[in-house]
**Q** 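Pasting in a structure now, in structure tokens, and then I'll have a few things to ask.
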Amino acid sequence: MANFFNDNESLKFHLSHEMMKEIIQLKERNYADYGKYDDAPKDYEDALDNYEKVMEIVGEITGEILAPNAESVDQEGPKIVNNEVVYARGTQENHEALRDAGLYGMSLPREFGGLNFSYVPYVMAAEIVSRGDCGFANIWGLQDCAETIYEYASKEIKDEFLPKINQGFTCSMDLTEPDAGSDLQAVQLKATWDEKSNCWRLNGVKRFITNGDADIKLVLARSEEGTNDGRGLSYFVYDRKHKAVTIRRIENKLGIKGSPTGELVFNNAPAQLVGDRKLGLIKYVMSLMNGARLGVGAQSVGLSEAAYREAFKYAQEREQFGKPIHNFAGVYEMLANMRAKTDAIR
Ligand SMILES: Cc1cc2nc3c(=O)[nH]c(=O)nc-3n(C[C@H](O)[C@H](O)[C@H](O)COP(=O)(O)OP(=O)(O)OC[C@H]3O[C@@H](n4cnc5c(N)ncnc54)[C@H](O)[C@@H]3O)c2cc1C
């Protein structure tokens, strides 16, 4: 059976890093959950054993399901049906396999159904998933949004949304607009307080939104009239059940085609404020981006690992001048460089 964790000693090595003991102790708050939850570890060895077992499951699901599905997912891609994004068949299967294994909400505390994993195994899992299907890693990796809700939202919002993550409700982070890409201070999507309904209303357009039809959306919007920079922006959570967002189109990309990148119109969409007004960009999005950067980094390593293995396999199989091309110095040097660079970026 293919297992993308067990076949990768260089990745596994990171679990034995000398800092892991301290990292786990901090994340487990001196093992305070032990006895309260079935899966809570009693000590460092126990926690490490948990990490390894879960990584093996990620490795097996990726090797046996995600990777074999990747080609058909890329060819089929997602589509819009009745204003809803329908994933490719393989994407749906990937999603269900990881959800059923409890692999959404990996770093969330146990009280919200998470595994309370530290970032090391979470990022390792992101690399493994990316090696199997780099596009699917986007959808799965957006569970990061839960961290922002956990860190900054009110107790009511946490209780409403966080338990859903582990049940496989997907997320998106809705920042970019047609005229606000690198310059997020230019975001114009408008948030207005609706006294009658006791909620905020969102109106405007977002573009290039990964998993744009997600169940739970974190939306950056301008809540302060008369402002035109980052200090007028706040962060909101929107629930897909309101059906107040139109999916205008899905981008036709060069790669990661299984990951739907959508253009959306918010039509008076009801939403709740996350944290405090005016801190949307300068505090909450910045924090979310720190997690997203690790995810994108892991995605790059996973993709490099997959590319190296494909190239290595081909160079062993393909023969010219009566021997595998792997034996020629020019080819061998390229492979050695790929191997070294992949290990170095990890
Ligand atoms: C596949 C994909 C998925 C995405 N998913 C999401 C998502 O989930 N959520 C979301 O909100 N957004 C998402 N985005 C949008 C992404 O964040 C933006 O594309 C990005 O912020 C850049 O914005 P832009 O494309 O408008 O480029 P622009 O900002 O127009 O930049 C164009 C070029 O100018 C350069 N440039 C801009 N400003 C400067 C400067 N000050 N100095 C030097 N060079 C500069 C840029 O580096 C770039 O090369 C996604 C994009 C892609 C391609």
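No hydrogens, no waters, no symmetry mates; every other heavy atom, side chains included, goes into these values. Counting starts at 1 for both ligands and their atoms, following the listed order.
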**Q** Any protein heavy atom under 4.0 Å from atom 13 (C) of ligand 1?
**A** yes
**Q** Look at atom 26 (O) of ligand 1 and say whether a protein heavy atom is found at less than 4.0 angstrom from it.
**A** yes
**Q** For atom 37 (C) of ligand 1, tell me which residue out of Gly212, Ser182, Ala214 has the closest non-hydrogen atom.
**A** Ser182
**Q** Any protein heavy atom sitting closer than 4.0 Å to atom 50 (C) of ligand 1?
**A** yes
**Q** Hey, does Thr210 come in under 3.5 Å of ligand 1, counting only N/O atoms on both sides?
**A** yes
**Q** Given Gln272 and Glu160, is the side chain to side chain donor-acceptor pair (under 3.5 Å) satisfied, shown in steps?
**A** CA-CA 11 Å; Gln272 301 179 62; Glu160 181 180 347; 3.1 Å; yes
**Q** Check side chain to side chain contact (heavy atoms under 4.5 Å, CB included) between Lys53 and all other residues, then give those that pass, not counting sequence neighbours.
**A** Asp49
**Q** Quick one: list whatever passes side-chain hydrogen bond (donor to acceptor under 3.5 Å, both in side chains) with Asn8, sequence neighbours left out.
**A** none
**Q** List the steps and the verdict of ring pair (Phe, Tyr, Trp, His ring centres under 6.0 Å) for Phe312 and His326.
**A** CA-CA 8 Å; Phe312 185 74; His326 178 254; 5.1 Å; yes
**Q** Kindly indicate whether atom 43 (C) of ligand 1 is approached by any protein heavy atom to under 4.0 angstrom.
**A** no
**Q** For Phe208, is at least one N or O under 3.5 Å away from an N or O on ligand 1?
**A** yes
**Q** Treating Tyr308 as the side-chain partner and Lys341 as the backbone partner, does any N or O pair qualify as donor plus acceptor under 3.5 Å?
**A** no
**Q** Is ligand 1 under 4.0 Å from a heavy atom in the side chain of Lys253, in the backbone, in both, or in neither?
**A** side chain
**Q** Before giving the answer on ring pair (Phe, Tyr, Trp, His ring centres under 6.0 Å), spell out for Trp140 and Tyr122 the whole-Å C-alpha distance, their side-chain angles and the decisive distance to 0.1 Å.
**A** CA-CA 11 Å; Trp140 178 80; Tyr122 173 57; 5.6 Å; yes
